[in-house]
Colleague: 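Take this structure first; my questions come after.
Residue numbers start from 1 in every chain, and the chains themselves are labelled A, B, ... in the order their sequence lines are given, proteins ahead of strands.
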Amino acid sequence: MQLYQSQELKIYNSLTGKKEIFKSINEGYVGMYVCGPTVYSYVHLGNVRTFMSFDVIFRYLKHLGYKVRYVRNITDAGHLENDADEGEDRIAKKARLEQIEPMEVVQRYTVDFHTILQKFNFLPPSIEPTATGHIIEQIEIIKDIVDKGLAYEINGSVYFDVLKFNETNNYGILSGRNIEDLIHNTRVLSGQSEKKNPQDFALWKKAEPQHIMRWPSPWGDGFPGWHLECTAMSTKYLGEQFDIHGGGMDLKFPHHECEIAQAEACNGHSPVNYWMHANMLTLNGKKMAKSTGNNILPGEIFSGNNAILSKAFAPSVVRFFILQAHYRSIFDFSNDALLASEKGFNKLMDALHCLDGLNISDSSSFDINAWKDNCYAAMNDDFNTPILISHLFEAVKHINQIKDNKATINSDDLEVLKSTMHAFIFDVLGLVDTVTTDNNDSNTLSNVIELLINLRAEARANKDFATSDKIRDELLAMGVQLKDGKEGTTFSLS
RNA sequence: GGCACCGUGGCCGAGUGGCUAGGCAGAGGUCUGCAAAACCUUGUACAGCAGUUCGAAUCUGCUCGGUGCCUCCA
């Protein structure tokens, strides 16, 4: 019996605007597609937040016993900066500015993306396909849509006919827009468009002579439209209809709307059962974005090298910080909030370290199974990590009370407590115990500090407080804080 | 302008028609040679104004403030 058979998971479905009981198409299996990054610059913390949300969702589905095929693409084909014809391809622009090949741009930022996610302890997706690796599949889809009369070619480019599609289908179903509003509210474009209607979107764009990223097609040399790659790759690896499609809130319209239209045009039915959207991470109250420069890079946080940061923060602290907010809420980044999270994270880890040394009693003074049920209930309620974390802190309180002999736990319950804490903290939330890793990294330093701790202990035993305080205060000035406890003195590095 | 969303105690953030998370900070205490650290205890807050209700922060309307999408974007 797998956990998912006894746990009722509810997911907020963007398509219906409601929390729905999750039921996968094939029992025991889940297909999940998440829109990955366009690799034309360094991944910033806002990007990371979205992928982290889905990393936790992936982890929890696996924890429940599902076999999950998680597909997250890399957008490595350049797409235009705007909808007008004179726009420049972002990757090509970067290549021009840095005087390198477009594929060098793509390689550089793909490596950065992977390196950063690894530091945050992400699980790799099951498949990570690239747009340029699926040009043929994309061309086949375009041909299919053209054959069905829902796309038209003009001057070597192919556009999706939104108005025609809307005669038989509902364009705007995901984002709650209707076609009349779109027509009335379309911004006036600076360039003269060759599209029949401004709402139409490109499936294939003709490559101008100077355009480097280009592929042959039935319509001449060109490159695919942005929305198409996700339809091609999700269909190829997950099928015409799959369970979960995720991405950032900013992709809801038009990107995901267009994906639905393309898939429906090809296959005659909706491609996805549960649409999920992670909300934006803001900085100074505004959305983080590559294009505006209002963002912070993970590397700056790990090193503390940014004007708004008072110090460096470990990846797990940042991970914990992000997971303290629900994935569907807008979340503002600030140094103060991060500092508060760091203290909370350390408190959680300290309690975890105490688990093995707890005294066992004949009975427990609290209901461990009710607590465990609460943890699952939190995650089952649309992956509510903040609530889960609040329950973890409830356990921290119990652990500390047991340590102080103000509460009791029996051996069976202790095992449940240990396994549940480990499962949720490490497996589901994906946090890493920084304390243990730090100490392993600096053995020599640890030994030196241990020596000083022993010298100080001797001085204190001799009531030579001048010496003991000197050791303590000077170490503190160097960033080494001594912590006197009942079982001896420990230290931490700041 | 259109379509959404949000406004919670000093700060960050959950939640929700009556039982009213959690973290940080603050206050009190335990411990300590003194400290620090750690731990324990402690807070009825939900933008404003009306309305519905036995009862609303939670539902409805209006006002004010903020954000996202409508162009590439996680």
Side-chain angles (χ1 to χ4, degrees), chain A residues 17 34-38 40-41 43-54 75 78-84 87-90 172 175-178 180-182 184-187 189-190 199 226 246-255 257 277-282 285-292 320-321 324-326 328-334 336-345 347-348 350-351 354 374 378 381 384-394 396-397 399-401 403-404 406 460 463 465 468-469 472-473 476 481-486 489-492:
Chain A
V34 172
C35 292
T38 305
Y40 73 91
S41 69
V43 60
H44 65 245
L45 199 65
N47 303 124
V48 168
R49 185 196 182 193
T50 293
F51 301 125
M52 190 180 288
S53 300
F54 289 102
T75 296
H79 295 298
L80 300 183
E81 285 181 312
N82 61 50
D83 212 23
E88 192 173 11
D89 164 348
R90 285 196 178 280
S175 54
R177 286 155 214 252
N178 66 59
E180 286 78 19
D181 289 344
L182 288 172
H184 291 140
N185 295 311
T186 297
R187 291 179 188 172
L189 298 169
S190 51
Q199 292 71 40
W226 173 42
M249 192 69 95
D250 51 354
L251 300 186
K252 197 172 178 182
F253 188 90
H255 183 57
E257 202 70 73
H277 291 96
N279 219 136
M280 297 295 102
L281 184 67
T282 60
K286 301 270 189 212
K287 173 190 170 184
M288 282 197 199
K290 291 175 190 172
S291 51
T292 59
F320 180 76
F321 164 75
Q324 273 189 303
H326 186 81
R328 280 195 289 116
S329 298
I330 292 170
F331 186 38
D332 194 55
F333 180 91
S334 71
D336 285 351
L338 196 50
L339 278 171
S341 282
E342 182 178 50
K343 291 191 178 174
F345 175 75
K347 185 175 170 179
L348 181 65
D350 287 345
C354 294
N374 286 338
D381 185 14
N384 199 322
T385 54
I387 291 288
L388 171 64
I389 289 170
S390 80
H391 293 314
L392 295 179
F393 276 108
E394 200 179 304
V396 167
K397 192 169 160 183
I399 291 166
N400 288 327
Q401 286 180 339
K403 203 175 102 187
D404 278 8
K406 287 173 184 161
R460 291 180 71 195
K463 301 221 184 290
F465 297 124
S468 69
D469 287 359
R472 176 228 282 162
D473 296 342
L476 185 63
Q481 184 177 41
L482 300 187
K483 300 172 178 179
D484 295 329
K486 279 191 182 132
T489 300
T490 56
F491 68 93
S492 67

Colleague: Answer yes or no: does a side-chain N or O of A:Thr38 lie under 4.0 Å from OP1 or OP2 of B:A74?
Modeller: yes
Colleague: By nearest atom, which of the nucleotides B:G22, B:C72, B:A74 is closest to the A:Ser390 side chain?
Modeller: B:G22
Colleague: List the residues meeting ring pair (Phe, Tyr, Trp, His ring centres under 6.0 Å) with A:His277, not counting sequence neighbours, and say none if there are none.
Modeller: A:His256
Colleague: Do the rings of A:Phe345 and A:Phe320 sit parallel, tilted or perpendicular, given the 30° and 60° boundaries?
Modeller: tilted
Colleague: Under the side chain to side chain contact (heavy atoms under 4.5 Å, CB included) criterion, do A:Thr292 and A:Lys287 qualify, and how do the steps go?
Modeller: CA-CA 9 Å; A:Thr292 59; A:Lys287 173 190 170 184; over 6 Å; no
Colleague: Just need the stems in RNA chain B: three or more back-to-back Watson-Crick or G-U pairs, each with both distances under 3.5 angstrom, sorted by first number.
Modeller: B:1-7 with B:64-70, B:10-12 with B:22-24, B:26-30 with B:38-42, B:47-51 with B:59-63
Colleague: Between the base of B:C72 and the side chain of A:Arg90, is there any donor-acceptor pair under 3.5 Å?
Modeller: yes
Colleague: Would you mind telling me which of B:C34, B:G23, B:C70 lies closest to the side-chain atoms of A:Arg460?
Modeller: B:C34
Colleague: Identify all pairs in which a protein N or O lies below 3.5 Å from an N or O of nucleotides 36-39 of chain B, and state each distance.
Modeller:
residue, atom, partner, partner atom, Å
B:A36, O2', A:Gln481, NE2, 2.7
B:A36, N1, A:Asp484, N, 3.2
B:A36, N1, A:Asp484, O, 3.3
B:C39, O2', A:Asp404, OD2, 2.8

Colleague: With sequence neighbours excluded, what pairs up with A:Ser175 under the side-chain hydrogen bond (donor to acceptor under 3.5 Å, both in side chains) test?
Modeller: A:Arg177, A:Glu257
Colleague: When you measure from the side-chain N and O atoms of A:Lys290 to the phosphate of B:C72, is any distance below 4.0 Å, counting only OP1 and OP2?
Modeller: no
Colleague: Kindly write out the residues that satisfy ring pair (Phe, Tyr, Trp, His ring centres under 6.0 Å) with A:Phe51, not counting sequence neighbours, or none if the list is empty.
Modeller: A:Phe113
Colleague: Between protein and nucleotides 4-14 of chain B, map the contacts as a letter string: B base, S sugar-phosphate only, - none, heavy atoms under 4.0 Å, written 5' to 3'.
Modeller: --------SSS
Colleague: Does A:Pro254 or A:Gly46 map to a spot on RNA chain B nearer the 5' end, using the closest nucleotide for each?
Modeller: A:Pro254
Colleague: Using a heavy-atom cut-off of 4.0 Å across all strands, would you classify A:His255 as base, sugar-phosphate, or nothing?
Modeller: nothing
Colleague: What integer number of Å spans the P atoms of B:G17 and B:U60?
Modeller: 12 Å
